[in-house]
Peer 1: 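Please find one structure pasted underneath; my questions will follow.
In what follows, every heavy atom counts, from backbone to side chain, and hydrogens, waters and symmetry copies are set aside.
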Amino acid sequence: MKTRKDAKAGETDTVAKLHGEGPVRRRIMDMGITKGVEIFVRKMAPLGDPMELNVRGYELSLRKADAEAIEVV
């Protein structure tokens, strides 16, 4: 299983599934990250956390702890 947590800058992947429960999963979905959406990793912070993503035409900063819930293909 590959998650967004393992991403490197410049990669583009498609969301396969969201893991997690309740408020965490709901918050990720509210940010526009749903099954089938393409996510581009724009850049990573110097220590790797947070990462800046391009989702549905806007930029989003996401912590690695939250990125673990996003399974990609």
Peer 1: What's the verdict on side-chain contact (heavy atoms from CB on, under 4.5 Å) for L62 and I70, showing C-alpha distance, side-chain angles and the deciding distance?
Peer 2: CA-CA 11 Å; L62 191 65; I70 304 168; 3.7 Å; yes
Peer 1: Applying a strict under-4.5 Å side-chain criterion to I, L, V, M, F, W and Y, I'd like to know whether V72 and F40 cluster together.
Peer 2: no
Peer 1: Test of understanding: with side chain to side chain contact (heavy atoms under 4.5 Å, CB included), list the residues that count as partners of K17, not counting sequence neighbours.
Peer 2: H19, E71
Peer 1: What pairs of donor and acceptor atoms, side-chain ones from residues 44-55 against any protein atom, are under 3.5 angstrom apart with sequence neighbours left out?
Peer 2:
residue : atom : partner : partner atom : Å
D49     : OD1  : K64     : N            : 2.8
E52     : OE2  : R42     : NH1          : 2.4

Peer 1: With sequence neighbours excluded, what pairs up with R27 under the side chain to side chain donor-acceptor pair (under 3.5 Å) test?
Peer 2: D66
Peer 1: Who are the side chain to side chain contact (heavy atoms under 4.5 Å, CB included) partners of E38, not counting sequence neighbours?
Peer 2: T12, T14
Peer 1: Flag the pair I39 / D13 as yes when at least one side-chain heavy-atom distance between them is below 4.5 Å, and no otherwise.
Peer 2: no
Peer 1: Begin with the C-alpha distance, continue with both residues' side-chain angles, and end with the deciding distance and a verdict on side-chain contact (heavy atoms from CB on, under 4.5 Å) for L18 and I28.
Peer 2: CA-CA 8 Å; L18 291 177; I28 290 171; 3.8 Å; yes
Peer 1: Return yes if some donor-acceptor pair links the side-chain N/O of R56 with the main-chain N/O of V37 below 3.5 Å, else return no.
Peer 2: no
